Peer 1: 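Can you keep this structure in mind? I'll have questions shortly.
The structure presented is a predicted model; accordingly, all values stated were derived computationally and were not measured. Numbers here simply count residues along the sequence, with the first being 1.
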Amino acid sequence: MQPHTVYQPERDVTGPAFSAWFKLLATFISVGLIGYVVSFMLRHAELSTLAHLVLLVSVALVLLYWRDFLRATLTIDRAGIRQTGWLMQQVIWDDVRGAKLIGLPRLGWLMPPRLAVRTGTGFYTFNCGSAPLLAELQRISRAFQLKS
């Protein structure tokens, strides 16, 4: 039996998973959190070594997440759709049961719509940070009209 595929992209599209404005906002928040933790450690030098270690580990985790957030990419190709980052998400076309663009109406300039994908085993969301990716996500959404 041949698998039935509803959607195949015309060409492969790869780009940033998050918009430049959203990355800038994440950068401000990350720098603010790290600055606060460092100032807290300096103001409270009497804390135990373990407490300082926990705070330093939290700074390291913020830096790791921030780095992966800035480098995250979304790829749409003949195999499926995948997003890199701290946790990689991947869905092949034959597993897609439905897809719909979701977003915040007045904040599209900061955070463009995301694609919510329903498979047989769960839901996945894919972010997009460029116009070519958004156009492809719109085509995917039309091809897989999610039923309520």
Side-chain angles (χ1 to χ4, degrees), residues 1-42 51-148:
M1 184 172 160
Q2 192 96 8
H4 181 295
T5 302
V6 175
Y7 177 80
Q8 282 294 313
E10 294 174 12
R11 61 183 176 84
D12 296 353
V13 182
T14 298
F18 300 97
S19 69
W21 286 108
F22 205 62
K23 289 178 182 181
L24 186 63
L25 178 63
T27 298
F28 284 136
I29 290 171
S30 297
V31 169
L33 282 171
I34 291 168
Y36 180 78
V37 169
V38 169
S39 77
F40 182 86
M41 289 173 62
L42 293 174
H52 281 271
L53 184 62
V54 167
L55 291 171
L56 287 174
V57 167
S58 69
V59 166
L61 286 175
V62 168
L63 286 171
L64 284 173
Y65 279 112
W66 177 60
R67 181 201 66 178
D68 282 351
F69 180 83
L70 293 179
R71 296 171 55 187
T73 61
L74 178 66
T75 302
I76 302 167
D77 58 20
R78 293 194 116 22
I81 182 169
R82 83 186 144 277
Q83 181 174 317
T84 63
W86 185 255
L87 295 174
M88 188 170 141
Q89 297 187 97
Q90 183 171 0
V91 174
I92 61 171
W93 296 124
D94 288 338
D95 289 346
V96 177
R97 302 289 180 259
K100 182 177 183 178
L101 279 176
I102 56 174
L104 301 172
R106 292 183 182 89
L107 291 178
W109 61 273
L110 176 63
M111 190 173 82
R114 294 175 289 164
L115 185 71
V117 175
R118 182 182 59 185
T119 66
T121 58
F123 282 90
Y124 299 86
T125 57
F126 297 96
N127 302 292
C128 96
S130 70
L133 282 171
L134 181 57
E136 198 63 38
L137 292 184
Q138 290 169 337
R139 284 192 280 276
I140 294 168
S141 179
R142 282 192 301 272
F144 289 104
Q145 292 296 309
L146 236 174
K147 308 283 189 278
S148 299

Peer 1: Starting at CG of Asp94, measure out to OG1 of Thr119 and round the result to the nearest 0.5 Å.
Peer 2: 12.5 Å

Peer 1: Just verifying a value: how many Å separate Arg78 CZ and Arg11 CZ, rounded to the nearest 0.5 Å?
Peer 2: 12.5 Å

Peer 1: Calculate, to the nearest 0.5 Å, the distance between atoms CZ and CD1 belonging to Phe69 and Ile29 respectively.
Peer 2: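 Those atoms lie 9.0 Å apart.
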
Peer 1: Determine all donor-acceptor pairs shorter than 3.5 Å in which one atom belongs to a side chain in residues 18-27; sequence neighbours excluded.
Peer 2:
from: Ser19; atom 1: OG; to: Phe22; atom 2: N; distance (Å): 3.2
from: Ser19; atom 1: OG; to: Leu110; atom 2: O; distance (Å): 2.7
from: Lys23; atom 1: NZ; to: Leu70; atom 2: O; distance (Å): 3.2
from: Thr27; atom 1: OG1; to: Lys23; atom 2: O; distance (Å): 2.8
from: Thr27; atom 1: OG1; to: Trp66; atom 2: NE1; distance (Å): 3.1

Peer 1: Grab the two heavy atoms, one from Ala116 and one from Ile102, that are nearest each other, plus how far apart they are.
Peer 2: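 Answer, listing the atom of Ala116 first, then Ile102: CB-CD1, 4.2 Å.
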
Peer 1: Tell me whether Thr84 contacts the main-chain N or O of Thr73 through its side chain, where contact means a donor paired with an acceptor under 3.5 Å.
Peer 2: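 Yes, because the side chain of Thr84 sits within donor-acceptor range (under 3.5 Å) of the backbone of Thr73.
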
Peer 1: Testing the basics here: between Asn127 and Ala17, what is the closest heavy-atom pair and its distance to 0.1 Å?
Peer 2: CB-O, 2.9 Å

Peer 1: Residues in side chain to side chain donor-acceptor pair (under 3.5 Å) with Asp77, at least two apart?
Peer 2: Arg82

Peer 1: Roughly how far, to the nearest 0.5 Å, is CG of Leu133 from CD1 of Ile76?
Peer 2: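 It comes to 5.5 Å.
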
Peer 1: Quick one, Trp93 and Ile140 - any side-chain contact, counting heavy atoms below 4.5 Å?
Peer 2: yes

Peer 1: Kindly say whether Gln138 contributes a backbone atom to a donor-acceptor pair with the side chain of Ser141 at under 3.5 angstrom?
Peer 2: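 Judged by distance alone, no pair lies under 3.5 Å.
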
Peer 1: Are there more than 12 heavy atoms of other residues, nucleotides or ligands under 6.0 Å from atom CZ of Arg71?
Peer 2: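 No, the 6.0 Å shell around CZ holds no more than 12 heavy atoms from other groups.
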
Peer 1: Check whether any side-chain N or O of Gln83 sits under 3.5 Å from a backbone N or O of Ala72 as a donor-acceptor pair, and report yes or no.
Peer 2: no

Peer 1: Does Ile81 reach the side chain of Leu137, with side-chain heavy atoms less than 4.5 Å apart?
Peer 2: yes

Peer 1: On a heavy-atom basis, which atom in Met41 and which in Leu55 lie closest, and how many Å separate them?
Peer 2: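 The pair with the smallest heavy-atom distance is CG-CD1, 3.5 Å.
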
